[in-house]
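Computed from heavy atoms alone, side chains included, the values below leave out hydrogens, waters and symmetry copies.
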Amino acid sequence: MHHEKNKTASVLEVSHSGLTRQLALPALSYYQMLFITVSMINLTIMSWAFTSGSWWDNRHISLAHFGNMVIANLCVTVLIRQQYLINALFRLVWRTPTHWPLALRRHLAKVYHFGGLHSGCATFSCVWLLLFTLAAFCQQRAQGNLSLQLLSVNTLLVVILSLIALTALPQIRQRYHNLFEHMHRYAGWSSLALSWLQVLWFIRDSHHGEWRWQHISHAFAFWGLATISFSILLPWLRLRRVPIKVLRPSAHAVIIEFALPHDPFPGSTLAISLTPLTEWHAFANIPLVSRPGCRMLISRAGDWTGRFIDNPPSHVWFKGIPTPGVGSMNKIFNSVVYVATGSGIGPLLPHLVNNPRPCKLIWSTRNPLVTYGEAFVNEIIAAHPGVLIWDTDAHGKPDLLLLACQKVREINAEAVICIANRPLTDYVVEGCEAQGIAAYGAIWDS
């Protein structure tokens with residue numbers, strides 16, 4: 001491929017000087033800072049509750065306040081993953097003028113780290129639930145006015161939510177990813193059902209066994225749980241089974257084409273499944289060039305994708321609405337360098353089409369013509385004639401950080417956006433940021 005041959009010599013001549021110095025990275029990521037912020041807010045409320053707030057002392061136990069904190073944290077946990085809210089957050093950031101100071105824009109572009117709110121509030125919902133359950137047992141021993149049903153469901157909820165949080169720990173999540181997915185899905189649904197029993201039984205026990213709508217309608221926990229339930233149900237209201245056309249350029253990848261009532265916006269992602277109650281996987285939407293419709297590039301990266309490629313289905317299920325990916329952060333920068341490996345080109349390709357701003361693309365992949373087909377590769381070259389396509393079969397794996405920094409200097413780029421596997425993404429993003437270059441990549445928190 002001439003695009004590759006013309007670039008190889010100049011790339012190999014680039015010096016590694018300046019890249020070997022110790023990385024001067026920030027002590028904490030934005031994700032971690034959000035987690036810490038949530039923790040400090042909850043710990044401050046907790047400290048006040050046990051002191052001047054008098055939620056639990058020798059005279060009184062305020063079970064309702066503890067329960068409300070459980071629901072409040074769960075609301076944030078669920079709503080920050082709501083697709084409509086995610087889209088609103090991204091669209092708000094996209095409105096940032098490109099003439100604003102780069103120092104400000106590079107911080108705003110970290111909006112996709114909102115998962116720190118999710119994990120922080122999820123953790124403290126478990127802590128508050130444990131306190132609520134302990135307080136309930138203490139009140140039962142002192143006054144005996146709570147039902148065995150409420151005490152039992154509280155205990156069961158503590159166990160289930162703790163297991164969900166435990167399997168979400170990075171070490172366990174990476175090693176047992178299917179377990180993590182199943183716990184979040186099935187245990188999450190179970191805990192939602194149990195939470196309804198918990199809230200209704202608590203309202204009943206708090207009013208001497210009476211069921212009255214006025215008691216229910218005045219309970220914050222009821223409306224909070226209703227909001228959570230609606231947010232979880234909402235994507236399922238857009239569940240649909242759609243026929244697909246499958247192009248299989250190689251045993252490593254397939255390209256599926258499909259048509260929806262409204263084409264997803266460029267650079268967005270949608271979740272697809274073969275069996276809606278089990279596995280869901282999100283892929284980038286790539287618009288068709290000459291006609292309405294959309295595509296997804298699916299590479300072999302595990303059991304599910306392997307089965308999909310080996311035995312392509314005639315239909316797939318879609319759920320929810322399209323949501324933006326990290327590549328969309330290009331909207332607030334005047335110039336960007338894109339770095340992709342393998343099928344990571346899929347999320348970036350839509351941003352290259354009709355892009356009036358200066359940009360550079362580095363695509364590192366195994367034999368691209370054989371793996372993805374000549375038509376797909378030619379489309380990338382047509383969208384960005386200056387693309388550097390690095391064939392790893394022919395030349396081995398490149399130093400993507402080195403190449404990215406070279407391209408940044410060529411066009412004085414304001415940011416680097418990398419779509420690759422986790423080790424490479426961390427290497428490129430952290431390496432760029434250590435040199436003062438704004439850099440963005442997936443954080444694998446969803």
Side-chain angles (χ1 to χ4, degrees), residues 3 83 86-87 89-91 93-96 98 109 111-112 242 244-245 247 249 253-272 281-299 316 318 320-365 368 371-373 375-389 407 413-420 425 440-442 446:
H3 281 79
Q83 293 169 325
I86 292 172
N87 287 356
L89 287 173
F90 272 79
R91 292 183 188 280
V93 171
W94 293 343
R95 295 175 65 89
T96 304
T98 55
V111 64
Y112 62 94
V242 176
I244 61 172
K245 176 183 176 182
L247 174 64
V254 294
I255 300 171
I256 66 170
E257 296 183 7
F258 55 90
L260 296 173
H262 302 284
D263 284 347
F265 59 90
S268 63
T269 62
L270 269 172
I272 66 171
H281 299 267
F283 296 95
N285 300 304
I286 308 172
L288 292 172
V289 177
S290 58
R291 63 185 187 280
C294 204
R295 295 168 290 172
M296 286 180 175
L297 173 61
I298 301 174
S299 290
V316 296
F318 287 86
I321 62 174
T323 54
V326 64
S328 66
M329 287 299 102
N330 72 322
K331 296 178 183 293
I332 67 171
F333 295 107
N334 291 299
S335 51
V336 173
V337 170
Y338 299 104
V339 179
T341 62
S343 59
I345 189 64
L348 296 182
L349 180 56
H351 300 295
L352 297 170
V353 179
N354 299 323
N355 184 0
R357 299 171 183 172
C359 65
K360 290 288 184 179
L361 171 64
I362 303 164
W363 184 29
S364 173
T365 183
T371 305
Y372 299 102
F376 188 76
V377 174
N378 287 339
E379 182 180 340
I380 294 169
I381 296 172
H384 189 69
V387 58
L388 168 57
I389 302 178
K407 297 302 180 184
E414 291 186 335
V416 172
I417 296 176
C418 180
I419 307 294
T425 299
Y440 308 90
S446 58

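Taking the centre of each ring, Tyr440 and Phe333 come in below the 6.0 Å mark.
Note on ring orientation: taking the six-membered ring where Trp is involved, the planes of Trp94 and Phe90 are perpendicular (angle over 60°, cut-offs 30° and 60°).
The distance from the CD1 atom of Ile256 to the CD1 atom of Ile244 is 4.5 Å, given to the nearest 0.5 Å. The distance from atom CG of Leu297 to atom CG of Leu247, rounded to the nearest 0.5 Å, is 10.0 Å. Once rounded to the nearest 0.5 Å, the distance linking CG of Leu288 with CD of Glu257 reads 5.0 Å. Of the inter-residue distances, the one linking Ile389 atom CD1 with Thr365 atom OG1 reads 9.5 Å to the nearest 0.5 angstrom.
With sequence neighbours excluded, the residues satisfying side-chain hydrogen bond (donor to acceptor under 3.5 Å, both in side chains) with Thr269 are Thr323. Residues passing the side-chain hydrogen bond (donor to acceptor under 3.5 Å, both in side chains) test with Thr98 are Asn334, sequence neighbours excluded. Remark: Leu270 pairs with Leu260, Pro264, Asn285, Met296, Phe318, Pro322 by the side chain to side chain contact (heavy atoms under 4.5 Å, CB included) rule, at least two apart or across chains. For Ser335, the side chain to side chain contact (heavy atoms under 4.5 Å, CB included) partners are Pro358, Ile411, Ala413, Glu414, not counting sequence neighbours. A search for salt bridge (Lys or Arg N to Asp or Glu O under 4.0 Å) contacts involving Arg95 returns nothing, not counting sequence neighbours.
When every heavy atom of Ile86 is checked against every heavy atom of Pro324, the shortest pair comes out as CG2-CD, 4.4 Å. For Ile321 against Gln83, the heavy-atom pair with the smallest separation is N-OE1, 3.0 Å. Considering all non-hydrogen atoms of both residues, Lys360 and Lys407 come closest at CB-CB, 4.0 Å. Across Thr371 and Pro249, no two heavy atoms sit closer than the pair O-CG, 3.5 Å. For the pair Ala420 and Thr425, the tightest heavy-atom approach, listed with the atom from each and the gap, is O-OG1, 3.1 Å. When every heavy atom of Pro350 is checked against every heavy atom of Pro347, the shortest pair comes out as CD-O, 3.7 Å.
Using a distance-only test at 3.5 Å, with no hydrogens or angles considered, no donor-acceptor pair links the side chain of Arg295 to the main chain of Phe258.
Listed by first then second residue, pairs satisfying side chain to side chain donor-acceptor pair (under 3.5 Å) with a partner in residues 338-348 read Ser299-Ser343, Asn330-Tyr338, not counting sequence neighbours.
Side chains of Pro266 and His351 form no contact here, defined as non-hydrogen atoms less than 4.5 Å apart. Side-chain contact between Asp263 and Pro287: absent, with no pair of heavy atoms (C-beta onward) separated by less than 4.5 Å. Side-chain contact between Arg357 and Val336 is absent, with no heavy-atom pair separated by less than 4.5 Å. At least one side-chain heavy atom of Ile272 sits less than 4.5 Å from a side-chain heavy atom of Ile298. Proximity of Lys331 to Val93: side-chain heavy atoms (C-beta onward) are nowhere separated by under 4.5 Å. For the pair Trp363 and Pro368, the minimum side-chain heavy-atom distance is below 4.5 Å.
Cation-pi geometry between Arg91 and Phe265 is met: the NZ or CZ atom falls under 6.0 Å from the ring centre, inside 45° of the normal.
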- Start with the C-alpha gap between Ile345 and Leu361, add the side-chain angles, then the distance that decides, and say whether side-chain contact (heavy atoms from CB on, under 4.5 Å) holds. CA-CA 9 Å; Ile345 189 64; Leu361 171 64; 3.7 Å; yes
